[in-house]
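Have a look at the structure below, then the notes.
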Number of protein chains: 2
Amino acid sequence: MLNKCNDKSDQKVQELGKKMAETRVSDQSTMLKPPKGTRDRNPVQMNILENVFGVIRACFKRHDAVSIETPVFERREVLTGKYGEESKLIYNLEDQGGELLSLRYDLTVPFARYVAMNKIRNIKRFQIGKVYRRDQPAMNRGRFREFYQCDFDIAGDYGLMMADAECLRIVYEVLKHLNLGEFVIKVNHRRFLDGLFTVCGVPPEKFTTTCSSIDKLDKTPWETVKHELLDEKGLSPETVDLIGHYTQIAGGVEVLNKLEADPRLSESKTIQETLKEMRTLWEYCEAMGIISNLRVDLSLARGLDYYTGVIYEAVLTGFTYDGKQQLATELAPPPTDQQALKSPNKKKGKGGKGRQTQAEDGEDEDTAMEGAVGSVAGGGRYDNLVNLFSPNSPKVPCVGVSFGIERLLAIFEVSARRRAAAGDTSASASVRATETEVMVIVAHKGLITPRLQIARELWDAKIKTAFSHKNQPKLLDQLQYCESTGIPLAVLIGDAELQRGVVKLRRIDTRAEREVSRADLATEIRKELALIRGEGGHH
Amino acid sequence: MLNKCNDKSDQKVQELGKKMAETRVSDQSTMLKPPKGTRDRNPVQMNILENVFGVIRACFKRHDAVSIETPVFERREVLTGKYGEESKLIYNLEDQGGELLSLRYDLTVPFARYVAMNKIRNIKRFQIGKVYRRDQPAMNRGRFREFYQCDFDIAGDYGLMMADAECLRIVYEVLKHLNLGEFVIKVNHRRFLDGLFTVCGVPPEKFTTTCSSIDKLDKTPWETVKHELLDEKGLSPETVDLIGHYTQIAGGVEVLNKLEADPRLSESKTIQETLKEMRTLWEYCEAMGIISNLRVDLSLARGLDYYTGVIYEAVLTGFTYDGKQQLATELAPPPTDQQALKSPNKKKGKGGKGRQTQAEDGEDEDTAMEGAVGSVAGGGRYDNLVNLFSPNSPKVPCVGVSFGIERLLAIFEVSARRRAAAGDTSASASVRATETEVMVIVAHKGLITPRLQIARELWDAKIKTAFSHKNQPKLLDQLQYCESTGIPLAVLIGDAELQRGVVKLRRIDTRAEREVSRADLATEIRKELALIRGEGGHH
């Protein structure tokens with residue numbers, strides 16, 4: 001026994017020692033980590049980000065939108081009372097004297113503050129910026145504490161559905177131009193849902209909570225939601241069956257016809273009105289050429305309370321891989337955080353337990369990855385938010401859309417990598433970290449000054465040029481730098497050639513070299529680059 | 001006496017009431033203000049920002065630089081002990097459980113953390129991002145609590161002065177391409193200054209404090225600095241006179257010759273070595289074609305402690321106006337903060353009092369406006385910072401430059417406005433808020449669907465197109481929208497024309513209209529736009 005006990009103690013001591021050693025190592029390495037739930041973006045990721053932002057910005061600008069910027073923190077009182085339960089996820093700054101400040105939670109409330117403060121009656125603006133949520137991070141599902149939002153909103157007292165239709169066109173254009181395959185934009189109307197709940201027999205005080213349950217239908221089977229509505233929300237079986245019947249309805253304009261003809265709905269003035277509004281929306285969307293991607297979906301509810309009219313959400317349907325799990329793995333950044341490794345298990349136990357917070361249930365389209373390509377954009381009409389800040393001013397109704405940038409970036413990254421592997425040069429370009437076109441390479445010792453002179457000539461000619469900063473770089477190292485970073489051309493210089501006023505121009509892929517007069521160098525490089533681009537990478 | 005006393009009391013009560021009324025008004029309006037020391041950026045300012053960032057990014061990319069991004073906050077321990085006295089200006093996040101976090105103070109320390117964490121041996125990277133300093137704001141002098149930094153750094157163990165020279169070339173290219181007139185890049189060497197102090201008889205423990213006094217010479221006359229050195233720093237008159245003699249030396253390569261020939265400096269090994277290094281730098285800069293903008297300036301000291309080699313600072317010299325005061329006024333954003341109104345007075349009393357903090361003395365090139373165009377870029381070599389994070393790893397020497405973006409933006413804004421007023425269309429474009437090329441205008445009631453159809457055709461043709469969201473907008477309002485936002489063309493549609501398959505294409509400036517077949521609309525618009533651009537705005 002004693003021996004055994006000693007054995008165990010020894011074992012324990014050893015384990016403890018091991019743990020302590022591990023702790024020490026991990027302490028040292030966490031010293032250098034970015035904060036929990038955040039991440040650095042490396043050069044390749046930055047290049048993808050710039051490409052995606054470029055496409056999105058171009059769409060916004062094509063639509064006459066202006067851009068604004070607000071500070072990353074706001075006076076705390078500006079954010080207070082705008083996010084309901086989610087308020088506990090707001091990051092506060094330490095009280096170091098002066099104003100109490102908090103990091104912005106989204107871009108919508110600061111936008112409303114901006115509009116109210118500047119007494120703006122109408123504006124079409126976009127804003128791309130980071131927002132902050134002190135949420136339980138799940139980085140391998142794309143949920144961060146610091147993440148980008150990309151918002152497009154139209155504020156102003158305009159004709160029915162005119163601005164709403166343009167927002168849908170924006171979603172359409174952005175997703176088309178990002179080239180991520182087929183997609184569907186689900187559309188519903190917040191007041192239609194209210195009308196439907198009345199018809200189904202939901203008591204008015206249970207509208208919001210019923211709405212939250214419905215909102216889960218894109219990820220949860222009806223049976224689960226049904227039991228939630230019966231057991232937790234306490235709705236009657238008849239009511240729940242009716243809700244089940246209507247929330248299954250989805251489709252094109254024929255759905256509107258069917259609903260208009262439905263005798264049960266004919267008594268509800270709200271429903272008839274919103275159906276008329278939806279018809280107008282459909283008509284405008286048809287004029288804008290986006291009708292084939294729209295779908296009426298009565299199960300779409302969206303989490304946020306402030307919506308007052310049309311709501312929508314875009315889902316990629318053409319981006320399929322070897323099953324959902326595979327995609328989730330491919331999209332996941334390498335887990336750099338203990339929490340990230342734990343959270344998939346955490347997720348499972350939650351089925352019937354109701355929500356802790358909105359974001360924890362992955363309701364937020366900007367952060368959740370949810371093991372599959374979920375919604376990549378969402379928004380709707382919110383007519384009352386601006387006037388929370390300026391209650392005595394004329395009403396400034398708003399409608400807008402927010403793109404799930406972090407998810408789009410992850411998908412774009414996978415997609416670009418796939419296409420690059422398949423030989424698509426435009427995709428290869430987006431998985432490079434630089435756009436450098438040529439490297440000035442020295443064939444032997446010295447040659448520092450000529451190296452810099454030629455680099456200078458090329459920079460002056462607006463050619464993106466690299467050179468080695470080593471005094472005596474090896475030829476092989478320089479060529480390998482071109483290959484590993486994707487630089488397509490090299491200018492080789494040597495004393496003998498320089499004396500004859502020539503250099504060698506080399507294609508990195510084919511290794512073909514030819515002599516070029518130094519005076520013609522920029523021109524010849526441009527020719528060669530055009531040639532390489534024209535080949536489309538098939539070599 | 002009693003009466004008098006009552007009079008006074010009455011007066012006081014009245015004043016108090018007045019003050020309270022003012023307070024109430026300002027309370028209501030501050031509710032909607034951005035936090036003290038921060039500001040929103042409006043659409044025109046955003047357009048300028050994008051232009052300036054575009055130019056700078058293009059330069060960085062032409063030089064084979066990659067881009068990275070780090071979170072806006074760091075673990076507090078990452079920032080601790082890196083900023084000396086300035087640490088008190090760091091914004092802390094509230095302790096809401098979990099890690100202690102602080103907003104980043106600059107981009108350099110997070111960059112060093114990134115390099116150490118990823119065990120990077122060499123990288124040429126740029127980063128543009130906002131940094132945070134809980135400083136006394138002086139917004140009319142361009143000093144903010146939230147402001148952009150734009151950094152370009154080269155890390156790696158490279159040949160002497162190779163990377164340093166490229167950083168200077170970067171400063172040159174950025175300022176050339178921003179087109180803000182003549183500029184000078186002052187260059188000095190931190191170790192040269194140390195050698196000089198030794199020769200002049202400054203005791204080693206007073207190097208840093210002497211350096212801080214020297215650093216003021218760009219804004220303060222020698223006589224003031226002289227007295228500071230004598231009275232506060234306690235240097236001997238002979239030492240101070242020698243410092244005065246040498247720090248007046250500035251000029252081209254001839255300065256290096258003169259210093260090499262100076263018998264007093266010949267004994268200092270440090271000085272002779274650094275002079276040799278400077279010669280190498282000059283040689284490389286000559287190869288890179290930037291020598292005419294360089295100036296050796298022995299009075300350049302730069303505030304930060306971490307510099308170990310070459311240091312530099314760029315100053316605009318060609319951007320002159322009706323005197324310094326005028327420029328300061330023109331550059332100043334409208335004061336939106338009580339503090340901003342007070343601070344110019346605050347500045348005055350400080351002459352001989354020594355520094356409270358670096359930033360308060362306007363030493364920071366990124367934030368201070370100082371009533372004139374001061375330095376717009378600055379940087380130098382810092383060989384030890386990365387290894388503070390990874391003391392046992394191989395050394396990663398660095399050299400870099402930081403652009404004073406907020407100042408450049410303000411100057412660019414004034415310059416663009418001036419040029420636009422003088423009829424320069426490229427400048428007019430940058431003071432517009434949008435890039436919209438055409439507006440679809442309805443000539444009479446209705447016409448919603450055709451309006452949207454034509455907008456859609458133009459968007460599909462990649463033409464930036466606006467339309468009114470009102471059901472029945474007035475013709476005049478639509479035309480005025482074009483004029484006020486700078487949209488150059490309008491497509492006028494009316495029922496009669498649509499039936500004939502035509503629309504009217506109208507130039508907003510000349511009011512010239514012509515009928516265009518709807519099928520040719522996009523082509524005709526492109527022709528017209530090319531024409532307008534070709535005219536260069538002279539109409």
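Computation of the quantities below employed the complete heavy-atom set of this structure, encompassing side-chain atoms and omitting hydrogens, waters and symmetry-equivalent molecules. So that the names make sense, note that chain A is the first sequence line, chain B the second, and so on, each numbered from 1.
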Compute whether any side-chain donor of one residue and acceptor of the other, for Thr449(A) and Glu283(B), lie under 3.5 angstrom apart. yes

Those residues that, when tested against Arg169(A), pass salt bridge (Lys or Arg N to Asp or Glu O under 4.0 Å) (two or more places apart): Glu173(A), Asp460(B)

Just so I understand: if I count every heavy-atom pair under 4.5 Å between each of Asp157(B), Asn92(B), Leu452(B) and chain A, which residue has the most? Asn92(B)

Does any backbone or side-chain atom of Lys124(B) lie under 4.5 Å from a heavy atom of chain A? Answer side chain, backbone, both or neither. side chain

Residue among Ser67(B), Cys59(B), Gly289(B), Gly159(B) with most heavy-atom pairs under 4.5 Å to chain A: Ser67(B)

Just so I understand: if I count every heavy-atom pair under 4.5 Å between each of Asn42(B), Ile448(B), Ile454(B) and chain A, which residue has the most? Ile448(B)

Taking side chain as everything from C-beta outward and backbone as N, CA, C, O, which of these in Ala466(B) sits under 4.5 Å from a heavy atom of chain A? Side chain, backbone, both or neither. both

Contacting region of Tyr172(B) [heavy-atom separation from chain A under 4.5 Å]: neither

Using salt bridge (Lys or Arg N to Asp or Glu O under 4.0 Å) as the criterion, list what pairs up with Lys470(B), not counting sequence neighbours. none

Can the positive tip of Lys119(A) be found less than 6.0 Å from the middle of the six-membered ring of Phe389(A), inside 45° of the ring normal? no

Comparing His469(B), Met46(B), Glu435(B), Gln472(B) against chain A, the one with the most heavy-atom pairs below 4.5 Å turns out to be His469(B)

Name the option with the most non-hydrogen atom pairs under 4.5 Å to chain B; the candidates are Arg145(A), Lys130(A), Lys464(A), Glu94(A). Glu94(A)

Can you tell me which portion of Ile290(B) sits under 4.5 Å from chain A's heavy atoms? Options are side chain, backbone, both or neither. neither

Please look at Ala165(A) and chain B and tell me whether the side chain, the backbone, both or neither of the residue comes under 4.5 angstrom of a heavy atom of that chain. neither

If I measure from the heavy atoms of chain A, does Arg76(B) come under 4.5 Å with its side chain, its backbone, both, or neither? side chain

With a 4.5 angstrom heavy-atom cut-off, could you sort out which part of Glu166(A) is near chain B: side chain, backbone, both or neither? side chain

Between Tyr132(B) and Arg104(B), is there a cation-pi geometry (under 6.0 Å to ring centre, at most 45° from the normal)? no

Parallel, tilted or perpendicular, as decided by the 30° and 60° cut-offs, for the rings of Phe60(B) and Phe126(B): tilted

Can you say whether Ile90(A) sits under 4.5 Å from chain B via the side chain, the backbone, both, or neither, judging by heavy atoms? backbone

Where does the angle between the aromatic ring planes of Phe53(B) and Tyr148(B) fall among parallel (under 30°), tilted (30 to 60°) and perpendicular (over 60°)? perpendicular

Between His63(B), Glu146(B), Arg57(B), which has the largest tally of heavy atom pairs under 4.5 Å with chain A? His63(B)

For chain A, which of Trp459(B), Tyr158(B), Phe467(B) has the most heavy-atom pairs under 4.5 Å? Trp459(B)

Does the side chain of Thr70(A) pick up a donor-acceptor pair with the side chain of Gln127(A) at under 3.5 Å? yes

Centroid separation Phe73(B) to Tyr91(A) less than 6.0 Å: yes

Heavy-atom proximity to chain A below 4.5 Å, by part of Ala58(B): neither

Grab the two heavy atoms, one from Thr436(B) and one from Thr465(B), that are nearest each other, plus how far apart they are. CG2-C, 4.0 Å

When heavy-atom pairs shorter than 4.5 Å are enumerated against chain B, which of Glu50(A), Arg125(A), Glu437(A) gives the highest number? Glu50(A)

Please flag which part of Ile487(A) lies under 4.5 Å from any non-hydrogen atom of chain B: side chain, backbone, both or neither. side chain

